[in-house]
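Take a look at the structure below.
Numbering of residues begins at 1 and proceeds along the displayed sequence. Both counts, for ligands and for their atoms, begin at 1 and track the order of listing.
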Amino acid sequence: MSRPGLFITFEGIDGAGKSSHIEGLAAAFRTQGRTVTVSREPGGTPLAEKLREMVLNDPMDALTESLLIFAARRDHLRNVIEPALARGDVVLCDRFTDATFAYQGAGRGFDLGVLSTLERLAQTGLAPEASLMREPDLTVWFDLAPEVAAERLAGARVPDRFEAQPVEFFRRVAQGYADRAAAAPQRFARLDAAQERHRVWQQLTSVFVRKGWLAIMVATQGGPQ
Ligand SMILES: Nc1ncnc2c1ncn2[C@@H]1O[C@H](COP(=O)(O)OP(=O)(O)O)[C@@H](O)[C@H]1O
Ligand SMILES: Cc1cn([C@H]2C[C@H](O)[C@@H](COP(=O)(O)OP(=O)(O)O)O2)c(=O)[nH]c1=O
């Protein structure tokens with residue numbers, strides 16, 4: 001019998017360490033014979049990647065930004081995420097809707113009620129059930145103090161429109177994530193992202209072992225170099 005798909009998202013402020021672990025986790029799932037789709041938001045389809053370029057580089061007001069992000073998300077859901085879940089893939093997505101609540105909502109101060117309306121519009125009416133609002137099965141939250149994230153990013157890459165924001169912006173974003181996690185504790189797994197890379201990997205894989213999604217042998221073999 002085919003296994004059901006799994007939709008897993010990765011969240012946290014810029015520089016929290018998400019990207020450093022997603023490929024390792026994909027490899028661990030593949031070792032177990034699962035097919036893995038790795039993607040990211042905003043982006044993941046040709047249209048959504050075009051929208052990403054605009055959102056990350058062109059100044060715009062918070063409503064325009066939110067509309068573009070949710071438009072990208074719907075295209076991504078329809079063309080990549082839903083088909084992958086229907087095939088039984090493990091979908092690992094670098095950011096999803098919690099990022100919109102954290103960045104546009106908490107960070108930019110945009111209306112959370114409007115974001116909830118857009119969330120329902122963009123994430124409903126898709127396979128397998130038209131009435132179901134697609135949400136992640138699990139969200140891994142890399143929790144890190146903004147000052148530490150800023151130190152890690154300094155010199156590491158050219159900042160985009162969000163990464164160039166002051167530390168106060170990221171304090172609000174971090175609080176936005178904390179609020180989302182408190183509102184849906186069964187969906188969120190919080191990692192202490194301040195620890196060394198291999199310790200973060202241990203925390204990450206033990207979440208998946210506890211859920212019965214990864215075998216302990218596979219979890220202890222992989223990880224960052
Ligand atoms: N646990 C860690 N300790 C120290 N530095 C880290 C750790 N995890 C990642 N880094 C470094 O911090 C920077 C940001 O990591 P990255 O994975 O790109 O974060 P994100 O994808 O969340 O923005 C990179 O230079 C990365 O090498
Ligand atoms: C998904 C999403 C991302 N963002 C922002 C957060 C990040 O600063 C930026 C791109 O995210 P990300 O892909 O994590 O950037 P990088 O690959 O450089 O680590 O987009 C939002 O503001 N709202 C959203 O809904």
Side-chain angles (χ1 to χ4, degrees), residues 9-26 38-45 48-49 51-77 80-81 92-110 112 114-116 118-119 122-123 135-136 139-167 169-170 172-174 176-177 180 191-204 223-225:
T9 59
F10 299 83
E11 298 284 0
I13 60 173
D14 292 272
K18 294 173 281 86
S19 315
S20 301
H21 291 284
I22 293 176
E23 275 309 327
L25 195 61
V38 176
S39 200
R40 68 169 182 182
E41 290 215 349
T45 68
E49 291 290 333
L51 295 172
R52 176 189 174 95
E53 282 307 306
M54 295 179 202
V55 167
L56 296 192
N57 298 307
D58 301 340
M60 60 189 77
D61 84 333
L63 173 58
T64 308
E65 192 169 281
S66 304
L67 290 168
L68 293 183
I69 287 170
F70 274 112
R73 182 159 298 137
R74 184 164 181 86
D75 194 59
H76 189 207
L77 277 166
V80 173
I81 297 175
L92 304 182
C93 192
D94 192 343
R95 300 188 183 281
F96 193 64
T97 302
D98 296 303
T100 318
F101 280 84
Y103 281 77
Q104 282 63 49
R108 292 202 63 178
F110 188 61
L112 299 181
V114 174
L115 292 183
S116 295
L118 295 176
E119 176 187 32
Q123 293 169 219
E135 287 186 281
T139 297
V140 183
W141 170 33
F142 288 70
D143 189 15
L144 186 66
E147 294 78 6
V148 181
E151 261 171 47
R152 285 186 189 174
L153 284 182
R157 58 191 184 221
V158 179
D160 62 35
R161 200 157 66 84
F162 293 100
E163 287 169 350
Q165 293 290 321
V167 78
F169 176 83
F170 288 105
R172 294 196 297 275
V173 174
Y177 278 125
R180 291 286 284 177
L191 307 186
D192 176 4
Q195 296 190 357
E196 286 173 38
R197 231 173 279 241
H198 73 280
R199 294 252 176 247
V200 177
W201 171 255
Q202 282 168 356
Q203 294 178 60
L204 175 66
Q225 299 312 306

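- Across the listed options Arg95, Arg152, Arg197, His21, Arg197 owns the non-hydrogen atom lying nearest to atom 26 (C) of ligand 1.
- If you check which protein heavy atom lies closest to atom 18 (O) of ligand 2, you get Glu163 OE2, 3.2 Å.
- Atom 9 (C) of ligand 2 has Leu56 CD2, 3.6 Å as its closest protein atom, hydrogens excluded (heavy atom only).
- Ring geometry for Trp201 versus His21: interplanar angle under 30°, hence parallel rather than tilted (30 to 60°).
- Counting protein heavy atoms only, atom 25 (O) of ligand 2 is closest to Thr100 OG1, 2.6 Å.
- At least one heavy atom of Lys18 sits closer than 4.0 Å to an atom of ligand 2.
- Of all protein heavy atoms, the one closest to atom 23 (N) of ligand 2 is Gln104 OE1, 2.8 Å.
- With sequence neighbours left out, the salt bridge (charged side-chain N to carboxylate O under 4.0 Å, His left out) criterion links Arg74 to no other residue.
- Put simply, the side chain of Glu11 gets close to the backbone of Phe96: a donor and an acceptor are under 3.5 Å apart.
- Distance remark: protein heavy atom present below 4.0 angstrom from atom 4 (C) of ligand 1.
- Annotation: atom 19 (O) of ligand 2 to nearest protein heavy atom, Arg157 NH2, 3.2 Å.
- Put simply, part of Ala16 is less than 4.0 Å from ligand 1, judged by heavy atoms.
- Atom 7 (C) of ligand 2 has as its closest protein heavy atom Asp14 OD1, 3.4 Å.
- Between Arg95 and ligand 2, at least one pair of N/O atoms sits closer than 3.5 Å.
- For ligand 1, the atoms closer than 4.0 angstrom to any heavy atom of Glu196 are 1 (N).
- Scanning the protein heavy atoms around atom 5 (C) of ligand 2, the nearest turns out to be Phe162 CD1, 3.7 Å.
- One finds no salt bridge joining Asp160 and Arg52 here, because no Lys/Arg side-chain nitrogen approaches an Asp/Glu carboxylate oxygen to under 4.0 Å.
- Residue contacts with ligand 2: Ser19 is placed with no nitrogen or oxygen under 3.5 Å of a nitrogen or oxygen of the ligand (distance criterion only).
- Contacts of Gln195 with ligand 1, taken as heavy-atom pairs under 4.0 Å, involve the backbone alone.
- Nearest protein neighbour of atom 15 (O) of ligand 2, counting heavy atoms only, is Arg52 NH2, 3.8 Å.
- Geometrically, ligand 1 and Gly15 share a nitrogen or oxygen pair separated by less than 3.5 Å.
- Among residue pairs with one or both ends in residues 100-110, those qualifying as salt bridge (charged side-chain N to carboxylate O under 4.0 Å, His left out) are Glu65-Arg108; sequence neighbours excluded.
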